[in-house]
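Worksheet for the structure shown next.
The shown structure was predicted, so the numbers you read here are calculated from the model rather than taken from an experiment. Values reported hereafter were calculated over all heavy atoms of this structure, with side chains retained and with hydrogens, waters and symmetry mates removed. Reminder, nothing fancy here: chain letters follow the sequence lines and each chain counts from 1.
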Protein chains: 2
Amino acid sequence: MDRRARASQKRRRLTAAAARVLHEQGVERTTLADIAREAGVPVGNVYYYFKTKDELVRAALAEHQAHLDELTAALDELPAPRDRLKALVEAWTAQRETAARHGCPTGTLAVELDKRADGTLDAEAGAVVRRLLDWTAAQFRQWGLPAPDDHALTLVSAYQGMSLLANALRDPDIMTREGARLLRWLDSLEVSP
Amino acid sequence: MDRRARASQKRRRLTAAAARVLHEQGVERTTLADIAREAGVPVGNVYYYFKTKDELVRAALAEHQAHLDELTAALDELPAPRDRLKALVEAWTAQRETAARHGCPTGTLAVELDKRADGTLDAEAGAVVRRLLDWTAAQFRQWGLPAPDDHALTLVSAYQGMSLLANALRDPDIMTREGARLLRWLDSLEVSP
DNA sequence: GTCTATAGGCAGATAGAC
DNA sequence: GTCTATCTGCCTATAGAC
């Protein structure tokens, strides 16, 4: 393995650690030392890969975006839009323990970043949310339902809401109950003849 | 005005300032100096009224709780449970500009406090959310609908979700669209004969 | 009760040896 | 490229004058 490969591997370790720790502890309570320790990299060395803490946050956001793209790409393999959306809901429910402990990675990050006067990073968090919203709307549109954007808003909003409540009340069961309702809702929707 | 009254007035000013500033900037990014300035109180003097920063956060949470209790008390004046719930949704929609800028005060506070290892304050944030959930469930129950707890979860979850998305995308219109849908949903619910 | 001055500690960032 | 040592600044909290 040459120097270039090793370097980018450390960068990747730092990015993965940042995504994980920032989700668990939040941006403000996480120190560079926390991320460095988790990645097995000395603190001072972090600055060779990321010039500022904000750049690490940016990298973590990109990591979450990538995970989301992976998920939707897998769902795109399913033939029927309704089944893709149901599989999405099932993926959310499967993450109920994590959601109860730390909330939705993107959602909680967006909340925290929106509190900052500096309005650069919060726009990037919004972009990740928007991408999910767009993918969801595309499914409803392909399905042939009217007002696909409104349906997408309802579905993603329900996800963010149930994640927040599960987190606030530390109760994964909330994800199960709301997830089941969303599945029934998707089953009940029909294209008008 | 005697000394006692003046003292508690300063305390109240600090509490109100804390509730406002902590909602706008978040807990971690808000310094005691920020709150003191907003309340017109010298920084060092804060400690006469609140021994720690956490106590100020606690006071802010209690303030939000009190606002919520005021709102539900007013709604309790309406005769029909359905109308109380619809008025609740309308109250949420009316706050759309604030929600788009800073999110739901209780919801965003809960998200932030849940990131802390110290598990004392996050339980208190959860309690505020739970109180809203309980009041909402009581309305559905009195209305005579089955599974009032599930209906309450759906409604409050929708509120948290739409507030988060409105905030993340900085778009108050999201509150309007989802609020209108929730009103239609409440109108569509009927007690089975 | 009110306020000033300051202690104490920690986190982000940098300089520079290797 | 890697890492150690350290600087700087800010924030919570306290001591103590008035």
Pairing of B:K115 and B:D122 as salt bridge, 4.0 angstrom limit: no
A:R58 bridged to A:E55 by N-O distance under 4.0 Å: no
Modelled atom types, side-chain donor and acceptor of A:D76 and A:W135, under 3.5 Å: yes
Side-chain donor-acceptor pair present, A:Q142, A:R84, cut-off under 3.5 Å: yes
Distance-only polar pair, side chains of A:D118 and A:T120, donor-acceptor under 3.5 Å: yes
Passing option when B:L56 is tested against B:T15, B:T30, B:V27, B:I35 for side chain to side chain contact (heavy atoms under 4.5 Å, CB included): B:I35
Nearest listed nucleotide, side chain of B:Y49, among C:dA13, C:dT2, D:dT12: C:dT2
Selection: residues 27-45 of chain B, any non-hydrogen atom under 4.0 Å of DNA chain C: B:P42, B:G44, B:N45
side-chain N/O B:Y47 vs D:dA13 OP1/OP2, d < 4.0 Å: yes
Proximity to the side chain of A:Y48 - top-ranked nucleotide from C:dG12, D:dT2, C:dT2: D:dT2
Angle by which the axis turns from one end of the helix from C:dG1-D:dC18 to C:dC18-D:dG1 to the other, five pairs per end, to 10 degrees: 10°
Whole-Å distance separating the CZ atom of A:R11 from the C1' atom of D:dT2: 16 Å
Spacing of B:I174 atom CD1 and B:T93 atom OG1 [to the nearest 0.5 Å]: 13.0 Å
Whole-Å gap separating C1' (D:dT12) and CG (B:D54): 11 Å
Length of the CD-P vector between A:E55 and C:dT14, whole Å: 11 Å
Which residues share a ring pair (Phe, Tyr, Trp, His ring centres under 6.0 Å) with A:Y159, sequence neighbours left out: A:W92
